[in-house]
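Contents: one structure, followed by commentary.
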Amino acid sequence: MDWRRTHFCGAVTEELAGQEVVVNGWVNRRRDLGGMIFVDLRDRFGLVQIVFDPNLLDDGVFAQAEKLRGEFVVSVRGIVQLRPEGQANPNLKTGKVEIHARDLTILSAAKTPPFEINRAEDVDESLRLKYRYLHLRSKDLQDAIILRHQVAAEARNFLNENHFLEIETPMLIRSTPEGARDFIVPSRVHPGEFYALPQSPQMFKQLLMISGFDRYYQIVRCFRDEDLRADRQPEFTQIDVEMSFVEQEDVMGLMEQMICHIIKKVKGITIDGPIPRMTYQEAMERYGSDKPDTRFGMELVTLNEGLNDSEFRVFASTISTGGFIRGINAEGAGTFTRREIDQLTEKAEQWGARGLIWMAVEEGTVRSPIAKFLTEGEINYIVESLRGKPGDLLLLVADSFKVTSEVLGRLRLLLGEQLGMIDENRFDLLWVVEWPLLEYDEEAGRYVAAHHPFTSPLDEDIELLETDPGRARAKAYDLVLNGVELGGGSIRIYDRSVQEKMFKALGFTMDEAMSQFGYFMEAFEYGAPPHGGIAFGFDRLIMLLAGRDSIRDVIAFPKTVSARDLMVDAPAPVNQSQLQELKIKMLD
RNA sequence: GGAGCCGUGGUGUAGUUGGUUAACACGCCGGCCUGUCACGCCGGAGAUCGCGGGUUCGAGUCCCGUCGGUUCCGCCA
């Protein structure tokens with residue numbers, strides 16, 4: 001028998017009733033009633049019920065059907081029939097029909113899998129990762145991987161329509177000291193020298209602009225040798241974009257169209273109007289975060305004004321040293337037990353606060369360990385400023401702007417979740433703009449690029465590079481979705497002298513800058529167009545669209561938090577001869 | 001580098017103040033069953049409780065260490 005399929009399992013519908021079809025797939029489940037066998041056959045497109053009825057079959061075929069077990073790979077030839085009255089299965093796309101088998105070929109038998117494919121979600125993750133190819137058979141992962149493909153396809157459609165070219169850039173490049181730790185690759189041809197895997201194709205895409213390609217994109221793998229998280233893998237994918245002859249608004253305008261296009265196409269959700277913009281400063285003031293989750297309120301409030309004359313020592317010393325007293329209102333959390341409040345305090349301290357002040361609002365009064373140190377006017381001021389109602393819990397932190405932002409911003413997220421204030425069905429997009437260009441790194445004792453060293457300062461802030469670098473703002477923009485940084489980009493420096501100032505501000509000597517980035521700065525001297533771009537975290541985007549909480553769920557073959565691939569068992573030692581060839585010797 | 005949680009038949013879990021045959025569900029194997037769809041009914045096999053050490057007459061249970069997974073902090077745009 002020719003076993004090759006005529007139709008996909010998931011595509012066998014009423015219109016085919018009466019027709020002979022051949023389907024190929026995996027046995028999802030079998031129900032052997034003795035005289036009659038039902039099998040749900042699975043492929044990428046869904047399930048279809050096969051009926052093995054001895055009255056319609058050769059004995060030999062029925063005997064074969066009795067051998068079927070879960071995950072056997074088979075080909076079935078049969079007639080599509082409408083199911084008898086009352087026998088339709090509304091849970092199945094193909095539930096109105098079934099295939100009455102005439103012939104069966106077992107293409108591949110299967111051992112009993114180490115876990116049930118249909119219930120893989122609860123199984124220990126190390127087992128699922130070892131048998132990733134089996135877990136990938138589950139509907140959840142298939143859906144995620146299919147969604148991933150659709151998003152990539154829609155991104156390409158949109159960018160292609162808009163005159164972008166997809167251009168590949170090298171994977172073996174030069175290590176640079178800025179940013180994350182590089183993965184390095186030894187060179188056999190040049191013993192003692194190393195390539196690095198790209199953290200992003202940043203300089204290459206800028207050089208492509210200088211080459212005149214005008215609009216570039218790439219759905220590209222990037223590598224960072226840093227510790228992992230639920231949303232961080234050592235290799236991950238970006239939608240990388242760069243455009244010439246543009247200003248910030250041009251990039252943001254087009255890219256928000258792209259994201260809205262993708263969300264519309266794959267989720268059917270229309271996002272109205274332009275995506276809201278917020279400056280970095282405003283985000284920090286209102287949400288204590290540079291990537292605020294705007295799906296709920298609980299905004300931070302600064303309370304210095306009414307507490308200027310407070311005699312409470314914590315407040316007085318904070319204000320006299322130029323610090324801030326800021327708070328949030330955890331609505332309805334007044335019922336928290338002492339233990340729950342202690343846990344919040346513990347978190348606050350872990351995040352850098354010296355303490356957490358709480359105030360439970362009650363009918364006409366407040367309950368708080370610091371109430372006795374405050375005047376009635378001060379208490380009223382705090383309650384009113386935070387719009388406290390009976391039953392609310394007010395939480396205050398007194399410290400620097402940075403610490404109060406950090407701590408209250410995180411508490412806000414924690415409480416928003418605990419109190420069920422987050423509407424999981426919302427897609428809240430937000431642009432955060434006017435980023436600081438540089439941040440002071442206490443450890444390194446110098447400024448480091450907040451974004452990367454090629455980000456252009458605002459025109460009016462260029463001078464600050466030499467006078468007060470910490471105050472310089474950048475032509476940078478981040479797109480935030482539900483409190484997750486989806487992507488970030490900037491208008492780039494395209495003038496050699498500005499780029500030199502930037503390196504100088506970062507503490508590079510001219511020699512260092514030249515040896516690391518000389519080729520790049522030289523390129524600016526041969527006619528560089530104004531340009532800018534953006535890169536989106538592709539895996540994170542898929543994770544959010546798929547409603548998952550780990551990017552491992554949207555990557556076909558992910559690594560564990562200790563950066564291992566449990567399926568291929570990598571990393572692994574190599575032969576002595578391989579090391580020899582590379583002139584590499586182990587230290588221990 | 002640090003902290004938390006998890007680890008018991010193939011899978012998911014239960015396992016009392018440490019006590020003798022480690023329980024349940026799913027899966028698997030066998031039997032019965034012609035309209036099931038998480039089929040049903042009957043029977044069966046399957047576990048040195050992640051690994052190592054310690055306390056104890058006795059450890060799945062207590063202690064120490066270690067390995068693996070995971071979440072978070074540091075790190076990372």
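Letters A, B, ... mirror the listed sequences (proteins, then strands); counts begin at 1. These numbers come from a predicted model, not from an experiment.
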Sort me out a list of protein N/O and nucleotides 1-11 of chain B N/O pairs below 3.5 Å, or just none if empty.
residue : atom : partner  : partner atom : Å
B/G10   : O2'  : A/Pro114 : O            : 2.6

Under 3.5 Å, which N/O atoms of the protein pair with N/O atoms of nucleotides 30-33 of chain B?
residue : atom : partner : partner atom : Å
B/G30   : OP2  : A/Arg69 : NH2          : 3.4
B/C33   : N1   : A/Leu33 : O            : 3.4
B/C33   : O2   : A/Leu33 : O            : 3.3
B/C33   : N3   : A/Asp32 : O            : 3.3
B/C33   : N3   : A/Leu33 : O            : 3.4
B/C33   : N3   : A/Gly34 : N            : 3.3
B/C33   : N4   : A/Gly34 : N            : 3.4

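Under the salt bridge (Lys or Arg N to Asp or Glu O under 4.0 Å) criterion, A/Asp53 pairs with no residue, sequence neighbours left out. In this structure, A/Lys93 has no salt bridge (Lys or Arg N to Asp or Glu O under 4.0 Å) partners at least two apart in sequence or on a different chain. For A/Phe194, there are no ring-ring contact (aromatic ring centres under 6.0 Å, His included) partners at least two apart in sequence or on another chain. In this structure, the ring-ring contact (aromatic ring centres under 6.0 Å, His included) partners of A/Phe503, at least two apart in sequence or on a different chain, are A/Phe508, A/Phe517. Under the ring-ring contact (aromatic ring centres under 6.0 Å, His included) criterion, A/Phe8 pairs with A/Phe45, not counting sequence neighbours. With sequence neighbours excluded, no residue forms a salt bridge (Lys or Arg N to Asp or Glu O under 4.0 Å) with A/Arg224. For A/Arg42, the side-chain hydrogen bond (donor to acceptor under 3.5 Å, both in side chains) partners at least two apart in sequence or on another chain are A/Asn28, A/Glu71.
Counting distance only, with no hydrogens placed and no angle test, the side-chain atoms of A/Arg30 and the base atoms of B/C39 include no donor-acceptor pair under 3.5 Å. Not a single donor-acceptor pair, N or O on each side, falls under 3.5 Å between the base of B/C76 and the side chain of A/Arg224.
A heavy atom lying under 4.0 Å from RNA chain B marks the following residues of residues 72-94 of chain A, by number: A/Arg83, A/Pro84, A/Gln87, A/Asn89. Across residues 405-417 of chain A, A/Arg410 each have a non-hydrogen atom less than 4.0 Å from an atom of RNA chain B (numbered order).
Note on residues 341-355 of chain A: pairs passing salt bridge (Lys or Arg N to Asp or Glu O under 4.0 Å), not counting sequence neighbours, are A/Arg338-A/Asp342, A/Arg354-A/Asp399.
If you take atom P in B/G12 and the same atom in B/G69, they sit 16 Å apart, rounded to whole Å.
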